[in-house]
Protein chains: 2
Amino acid sequence: MPSTTKRTEQYQYVQETLKRSGLKWTRPRCLISDVLFHSDRHLTVEEIFRALREEPPIAVATVYRTVRLFENLGFLAGVDLGDGMERFEWIHSARQHHHLLCTKCRSVTEVDADILNEPKETVFLDTGFQIDEREITFTGICKECKLKE
Amino acid sequence: MPSTTKRTEQYQYVQETLKRSGLKWTRPRCLISDVLFHSDRHLTVEEIFRALREEPPIAVATVYRTVRLFENLGFLAGVDLGDGMERFEWIHSARQHHHLLCTKCRSVTEVDADILNEPKETVFLDTGFQIDEREITFTGICKECKLKE
DNA sequence: GTTCGTGCAAAGACTTTGCATTACT
DNA sequence: AGTAATGCAAAGTCTTTGCACGAAC
């Protein structure tokens, strides 16, 4: 298990949350949280699995189970990029955001979540529906691809 | 093949579009477009298949192929309600809209697409990304479920 | 020593594909 | 007749599950 000083804080939080529920701090959980915590991209189960294929590798089934667990505990958010595979990203406390997925180059840009504040309010006033959206993926064309057209 | 007067218009449009590409107007395509055209809900492949199980039933594979074809031709829009199955709805020319999915009762409400006009503009001005979104599903709590809490 | 977690392989759910046959045009 | 579409079953993906062994508390 890695143990840089920077990592200590994150590990303690995860570890304590697990312990509080009678769950255990294991090698797979440590490594998987590590990969997700330090990735700025949104990883598929396959990608997490490949990132950890060395040493005694971790079973894919374990990656699935761990990712579901972390999701339920609120550490991870599932992201749908519309390619049939679920992706995961660590929820870093601050910075709520949405994603802009370019349909040409498949690049992903992040935008601040508050761009939806006004629509949320409109919807609530109109229909009484309270939108509670952690993450939305908007598709479209990014600046670069637009210029190349 | 059904042939009500009301249906004629739709059929002609679909049929002509197919013909223009050298494609054929067949019983499965007729029935599937019919089901989707007249449904106000968003159907999964399974649901379309079940709706047509009588008479000489249509193979599931054909439903998949037809739905993909219609999607590519722009007749259908794929909708993701986050339950792992793709759903489809007929694009009735007017009324672009988004969906509000209640996470408690699973009901789906529609809202006008223009609630996103402002955010789209903001995003474009800030990042140059041109959002081109036909359909977005927002999750949250509907009015009724909110009252029951 | 308990209890929970892991690895493995098998099974599930949804979707796609290959190929001979059938149906449009 | 000629080409495209269908049905069927097999194969593909991605994901979940059952169970015995191993690790954490």
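Every chain is numbered from 1, with letters handed out A, B, ... down the list of sequences.
For T66(A), the listed nucleotide lying nearest its side chain is dT6(C); candidates were dG5(C), dT6(C), dT6(D). Comparing dT25(C), dT6(C), dA4(D) by their closest approach to the side chain of P28(A) singles out dT6(C).
The aromatic ring centres of F37(B) and F75(B) sit 6.0 Å or more apart. When ring centroids are compared, F129(B) and F138(A) stay outside the 6.0 Å threshold.
Distance, L73(B) CG to dA4(D) C1': 14 Å, rounded to whole Å. When the C1' atom of dC8(D) is taken as reference, atom CD1 of I58(B) falls 15 Å away, rounded to whole Å. Here dT6(D) presents its C1' atom at 11 Å from CD1 of I32(B), a figure rounded to the nearest Å. Across the protein-nucleic acid pair, N72(A) atom CG and dT16(D) atom P stand 11 Å apart, rounded to whole Å. Whole-Å rounding puts the R53(A) CZ to dG7(C) P distance at 16 Å. Rounded to whole angstrom, the span from the CG atom of L69(B) across to the P atom of dT6(D) amounts to 9 Å. Across the protein-nucleic acid pair, L18(B) atom CG and dT3(D) atom C1' stand 15 Å apart, rounded to whole Å. One interatomic measurement links the two molecules: CG of L31(B) to P of dC24(C), which rounds to 11 Å at whole-angstrom precision.
Closest of all the heavy-atom pairs between E86(A) and E71(A) is OE2-OE2, 3.7 Å. In terms of heavy atoms, F70(B) sits closest to S33(B) at CE1-CB, 3.6 Å. Closest of all the heavy-atom pairs between I115(A) and P119(B) is O-CG, 3.4 Å.
Around the CD atom of E121(B), the shell of radius 6.0 Å holds no more than 12 heavy atoms that belong to other residues, nucleotides or ligands.
T26(A) has no side-chain polar atom (N or O) that falls below the 4.0 Å cut-off from OP1 or OP2 of dG5(C). A sub-4.0 Å separation between OP1 or OP2 of dG5(C) and a side-chain N or O of R29(A) is present.
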Inset, instruction - For nucleotides 10-18 of chain C, just jot down a letter per nucleotide in 5' to 3' order: B, S or -, based on protein non-hydrogen atoms under 4.0 Å. - result: ----SBBBB
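Within 3.5 Å, a donor on the side chain of K24(A) pairs with an acceptor on the base of dT3(C), or the reverse.
Residue P57(A) is in sugar-phosphate contact alone, with no base atom involved, counting any heavy-atom pair closer than 4.0 Å across all strands shown.
Among residue pairs with one or both ends in residues 99-126 of chain A, those qualifying as ring pair (Phe, Tyr, Trp, His ring centres under 6.0 Å) are H42(A)-H99(A), H97(A)-H99(A); sequence neighbours excluded.
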